[in-house]
Each structure stands twice: as structure tokens, then as C-alpha cells.
Amino acid sequence: MPRRFSNPVDVLVVGGGPAGLATAIAARRKGLSVVIADGTVPPIDKSCGEGLMPDGVELLHHLGITIPEAEAYPFRGIRFVSEGIKAEAAFPRGPAYGIRRTHLHRALVDRAAASGVHMLWQATVTGLHPEGALIAGELVRARGVVGADGTNSRVRGWAKLDRPQLLASPKRNRRFGFRRHYRIEPWTDFMELHWGRRSQIYVTPVNREEVCLAVVSSSAKLRLDEALKEFPELCARIENAEHSSTERGAITTTRRLRRVYRGRTVLVGDASGGVDAITGEGICLGFRQAALLGNCLATGDLARYQQRHRELLRRPTLIARMMLFMAKHSHVRQRAMQVFRSSPGCLAGALALHVGEGSTRDHLSNGIALGWELLKA
């Protein structure tokens, strides 16, 4: 492994996905020396809905990343579709982006390189060490090690940080997602969430000639083609569309850890816990954590990162619980859909909560109004 960086380095990031790259860029902005190690090669793909909420777009801009117009599709809100009822609301501020994960990853890699991050691809981290970490058996000394190696993080296990803080077991929280792209012109400038009896399907426009469909359910055997049979209107739209990617799968879970750091080792992104994919919050949450961690690494205050990390998880966890409750209880969902259709302000308020806009007072008022309308419905 050729030496192209100082030894010791300030920060060694294990995992070169979006959360790891964003953390590396944020740390470099604070003047820290950073090395990323990952066993794969870019661009790294992953099964996800590929929607980037407005606050995620803002965080990209803060990191100095501009997505070329041809590689993304701006959408202005969310549309719910359930058993013949449609309801939609626009984001309170700024557009969201639909973007292929590979395009997003490439943009992050380019920005990291321009920022002076040293990237070691096809470099497998084989363990932690009191002075840093082992890469292909060779010690790389680091003042801090960041585990950004995903849901099944090995760094989390090595650092003995894998004890979850859950009311239910991880297996009960686990769901499965499958994603495929279709070559078809988007039919709307909303991201659509279609609710079904066994699953939910996200439709995200990712450019002017392509949409992404992602199904999430509690069954590892329910693939996209089978799930689509419950959604005849959606099937009709994509009936003659060419597949522009193969189907990919991933596991999603709501998971909160008791601790996200120990000593000089700290976790970020899916390695540090997360929320169900139904929220569409995963990547934005990782970016928020990365921005926070960059500051805390610079000051050496990982206890502050621990505290703020918990705070960052609260709103997405609440959203996940509400949406999963709607997924499990169709009668509640249909009542909510009737309210959203007849009182668009209720859905707009819920969407504002989802993207972190509005005051606590606004959210409480909207919650009371929604509850009253549900009772009347």
C-alpha cells in the first residue's frame, strides 16, 4: 500500500459511501487530514429510492457539490396514492432531487478528491488497532477512526458498539427493499408513494428519461414484479418501458444504538443506526450526521456528537413510526388519505415536519387538526 499521506493521519474513514465521503469532506473543511479506505471501487451503487430531500440538497451545496442538471430531476413534493385516493403536497422550501446513486457517488468522490481527501479503493480494513486501523494487515495510524461501513458495520462490532437501543428485536424491525430503473419519461414532478396491502412502492424520477421504482415490504421474497400486481395503474404506466437496470435488493431497519463512539472510534450513517426506508430519510440523515461529525472531530468533542446524534434521529424515527403504522393499518391509512385529500393543509403540515421545516407550535397545531379530522372521518 503506497504511502501518499501523513502518518498518523487525523481521520481514517472506513467506508467510501455517501456518509463516509460527506464526513471526509466536512473534516477537510475543518483543516483535518483525511484518508478513506474501502474494499470496492467507485462509483458504488446501492438499492434505494434515490430521492434526495430539500435539506439534503442544501447540505450538498454546503459541501461545495453541485449536481449537473442532466444527472438529476428536481421534484417539488410528495404524492400519496392508496386504493384509488390521491393526495399531494409541495415542499415548503426548495425542490428535492431524484438522482441515480452512482451519479451522486461520483460527485461526492470528485469533491472529496478536490478537497484533498486521500482515497484508498480496493483496500479492505481488517481490524482496529490502538493506534488506528489495519488495512490489508498494515497499520495506518490515525487520531480518529470513523466507521461508515453500512448497516452490517464491522467497525461497529470491532469497537463493541453494536448493542441496539430498541423496544423490539432487530429482526422484527427489519424490512426488505428492491429497486429497478425504467426508461420512461416521468409523468409527474412529484415523488409518488403507492400504498398497497403487502408493500409500498416509491416512484422517483431520476432524469428526464428515467424513473426509479423501489418496493419495501416485510418479506424478503416479495420482488418488484410480484409487488406491482397490486398496483394496476402503476403497471399500466410502465407496461412497455424498457428496464434500464437490473433489480437490486437491500435490508432496511429502524435501529438506534446506545452509543455511537468509544475512545477514538465513532460511527456515522447506517453504521450508526437508522430509520426504515419508508421515510426516504436515510441519505439526508447521513449527510446531517456527517456535517455534525466533521465539526466534532475538529474540536475533539465526540460526546457532543453522541448527544446531537440522538437529537438528529428523533424526527425521522417519529416519521418512520407514523408511516409504518399507516402501512400496517389500512383503515387508518384510508381515513388519513381522505383527510389529506379534503384538507391539503394537513398533508402540507405533515410534509413540513418530514423535511424539518416549521416550528414545534406549527407541528402541534397541525397534529391536533389532523387528529380532529381523522375523528370526523
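Note that the structure is predicted; figures quoted are calculated from it, not measured.
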Undergrad: Hey, what's the ring geometry for Phe91 with Phe75, parallel, tilted or perpendicular (30° and 60° as the breaks)?
TA: tilted
Undergrad: Any chance you could measure Leu285, atom CG, to Leu313, atom CG, to the nearest 0.5 Å?
TA: 5.5 Å
Undergrad: Where is the tightest heavy-atom contact between Ala26 and Ala291, given as atom of each residue plus distance?
TA: CB-CA, 4.3 Å
Undergrad: Strictly below 4.0 Å, N to O, side chains only: are Lys221 and Glu226 in salt-bridge contact?
TA: no
Undergrad: Just by distance, do the side chain of Arg154 and the backbone of Gly127 share a donor-acceptor pair under 3.5 Å?
TA: no
Undergrad: Answer yes or no: is there a side-chain heavy-atom contact under 4.5 Å between Arg143 and Val9?
TA: no
Undergrad: Is the backbone of Thr246 close enough, under 3.5 Å, to the side chain of Arg180 for a donor and an acceptor to pair up by distance?
TA: no
Undergrad: Could you measure the distance from the CZ atom of Phe176 to the OG atom of Ser47? Nearest 0.5 Å is fine.
TA: 12.5 Å
Undergrad: Between Arg237 and Val203, is any pair of side-chain heavy atoms under 4.5 Å apart?
TA: no
Undergrad: Nearest heavy-atom pair of Pro43 and Arg106: which atoms, and what distance?
TA: CG-NH2, 3.6 Å
Undergrad: So do Val11 and Val35 actually touch side chain to side chain, heavy atoms under 4.5 Å?
TA: no
Undergrad: Between Val146 and Leu267, is there a side-chain heavy-atom distance shorter than 4.5 Å?
TA: no
Undergrad: Does Asp45 come within less than 4.0 Å of Arg101, counting only side-chain N to carboxylate O?
TA: no
Undergrad: Verify, without hydrogens or angle tests, whether Gln306 (side chain) and Val260 (backbone) share a donor-acceptor contact under 3.5 angstrom.
TA: yes
Undergrad: Indicate the atoms forming the closest heavy-atom contact of Lys30 with Ala298, along with that distance.
TA: CB-CB, 3.6 Å
Undergrad: Of the non-hydrogen atoms in Val275 and Thr279, which two are nearest, and what is the gap between them?
TA: CG2-OG1, 3.5 Å
Undergrad: Could you check whether any side-chain heavy atom of Leu293 comes within less than 4.5 Å of a side-chain heavy atom of Val266, counting everything from C-beta outward?
TA: yes
Undergrad: Quick one: does Phe178's side chain get under 4.5 Å of Arg248's, heavy atoms only?
TA: no
Undergrad: Looking at Arg141 and Glu131, is any side-chain nitrogen of the basic one under 4.0 Å from a carboxylate oxygen of the acidic one?
TA: yes
Undergrad: Please test Asp55 against Met53 for side chain to side chain contact (heavy atoms under 4.5 Å, CB included), starting from the C-alpha separation and ending with a verdict.
TA: CA-CA 6 Å; Asp55 58 326; Met53 297 297 104; 3.4 Å; yes
Undergrad: For the residue pair Val339 and Cys346, what are the closest heavy atoms and their distance?
TA: CG1-SG, 4.2 Å
Undergrad: Please collect all side-chain hydrogen bond (donor to acceptor under 3.5 Å, both in side chains) contacts where either partner lies in residues 351-360, sequence neighbours excluded, each pair once.
TA: Arg93-Glu357, Ser359-Asp362
Undergrad: For the side chain of Tyr97 and the backbone of Glu71, is there at least one donor-acceptor N/O pair under 3.5 Å apart?
TA: no
Undergrad: I need the minimum non-hydrogen distance between Ala87 and Arg341, along with the two atoms involved.
TA: CB-N, 4.0 Å
Undergrad: Is the CZ atom of Arg208 crowded by more than 12 outside heavy atoms at less than 6.0 Å?
TA: no
Undergrad: Less than 4.0 angstrom from a charged side-chain N to a carboxylate O is my criterion; do Glu247 and Arg179 meet it?
TA: no
Undergrad: Look at the side-chain heavy atoms of Ile, Leu, Val, Met, Phe, Trp and Tyr, link any pair under 4.5 Å apart, and say whether Phe287 and Ile67 land in one connected group.
TA: yes
Undergrad: Consider only side-chain N and O atoms of Ser245 and His181, and report whether a donor and an acceptor are under 3.5 Å apart.
TA: yes
Undergrad: Looking only at the side chains, is there a donor atom on one of Thr299 and Asp301 sitting less than 3.5 Å from an acceptor on the other?
TA: no
Undergrad: So, the side chain of Arg333 versus the backbone of Met326: is there a donor-acceptor pair under 3.5 Å, distance only?
TA: yes
Undergrad: Could you walk me through whether Arg288 and Glu58 pass the salt bridge (Lys or Arg N to Asp or Glu O under 4.0 Å) check?
TA: CA-CA 10 Å; Arg288 292 187 210 108; Glu58 289 184 7; over 6 Å; no
Undergrad: Is it the case that one hydrophobic cluster holds both Tyr73 and Tyr182, taking links as side-chain heavy atoms less than 4.5 Å apart, direct or via other members?
TA: no
Undergrad: Could you check whether any side-chain N or O of Thr204 sits under 3.5 Å from a backbone N or O of Gly49, counting only pairs where one atom can act as donor and the other as acceptor?
TA: yes
Undergrad: Would you say the side-chain atoms of Gln200 and Ser217 include a donor-acceptor pair closer than 3.5 Å?
TA: no
Undergrad: How far apart are the C-alpha atoms of Leu52 and Cys284, what are their side-chain angles, what is the distance that settles it, and do they pass the side chain to side chain contact (heavy atoms under 4.5 Å, CB included) test?
TA: CA-CA 7 Å; Leu52 192 60; Cys284 292; 3.9 Å; yes
Undergrad: Is the shortest distance from a Lys or Arg side-chain nitrogen in Asp276 or Arg321 to a carboxylate oxygen in the other one below 4.0 Å?
TA: no
Undergrad: Take Arg76 and Asp189 through the test salt bridge (Lys or Arg N to Asp or Glu O under 4.0 Å) and record every step on the way to the result.
TA: CA-CA 6 Å; Arg76 61 190 182 95; Asp189 57 356; 2.9 Å; yes
Undergrad: Would you compute the distance between atom NE2 of His105 and atom CG of Asp110 and round it to the nearest 0.5 angstrom?
TA: 10.5 Å
Undergrad: Evaluate side chain to side chain contact (heavy atoms under 4.5 Å, CB included) for Leu353 paired with Met322, printing each intermediate quantity in order.
TA: CA-CA 12 Å; Leu353 172 63; Met322 291 191 299; 4.2 Å; yes
Undergrad: Report whether Val155 and Leu161 are members of the same hydrophobic cluster (ILVMFWY, side-chain heavy atoms less than 4.5 Å apart, transitive linking).
TA: yes
Undergrad: If I take atom CG from residue Leu213 and atom CG from residue Leu228, how far apart are they, to the nearest 0.5 angstrom?
TA: 6.0 Å
Undergrad: Quick one, Ile238 and Trp187 - any side-chain contact, counting heavy atoms below 4.5 Å?
TA: yes
Undergrad: Is any side-chain N of the basic residue among Arg197 and Glu230 closer than 4.0 Å to the acidic one's carboxylate O?
TA: yes
Undergrad: Show, in sequence, the C-alpha distance, side-chain angles and deciding distance for His194 and Glu192, and conclude whether the side chain to side chain donor-acceptor pair (under 3.5 Å) test is met.
TA: CA-CA 6 Å; His194 294 254; Glu192 293 184 340; 2.8 Å; yes
Undergrad: Taking Ser272 for its side chain and Gly269 for its backbone only, find out whether a donor-acceptor pair lies under 3.5 Å.
TA: yes
Undergrad: Kindly compute the distance separating CG (Leu297) from CG (Asp10), expressed to the nearest 0.5 Å.
TA: 9.5 Å
Undergrad: Leu108 and Leu60: side chain to side chain contact (heavy atoms under 4.5 Å, CB included), yes or no, with the steps?
TA: CA-CA 9 Å; Leu108 285 161; Leu60 279 183; 4.2 Å; yes
Undergrad: According to a 4.5 Å side-chain heavy-atom criterion applied to Ile, Leu, Val, Met, Phe, Trp and Tyr, with indirect links allowed, do Val206 and Phe190 form part of one hydrophobic cluster?
TA: no
Undergrad: Given 3.5 Å as the limit, does a donor-acceptor pair link the side chain of Ser153 with the main chain of Asp149, or not?
TA: no
Undergrad: Would you find a donor on one side and an acceptor on the other, under 3.5 Å apart, between the side chain of Thr252 and the backbone of Ala277?
TA: yes
Undergrad: With salt bridge (Lys or Arg N to Asp or Glu O under 4.0 Å) as the test, would you mind laying out the steps for Glu311 and Arg308 before giving the verdict?
TA: CA-CA 5 Å; Glu311 295 170 3; Arg308 293 290 308 281; 3.2 Å; yes
Undergrad: May I ask you to decide if the ring planes of His329 and Phe325 are parallel, tilted or perpendicular, using 30° and 60° as cut-offs?
TA: tilted
Undergrad: Can you check whether Thr151 reaches Ile251 side chain to side chain, under 4.5 Å on heavy atoms?
TA: no
Undergrad: Let me confirm one number: the CZ-CG distance from Arg79 to Leu347, rounded to the nearest 0.5 Å.
TA: 11.5 Å
Undergrad: Please confirm whether the backbone N or O of Arg175 pairs with a side-chain atom of Ser218, one donor and one acceptor, at under 3.5 Å?
TA: no
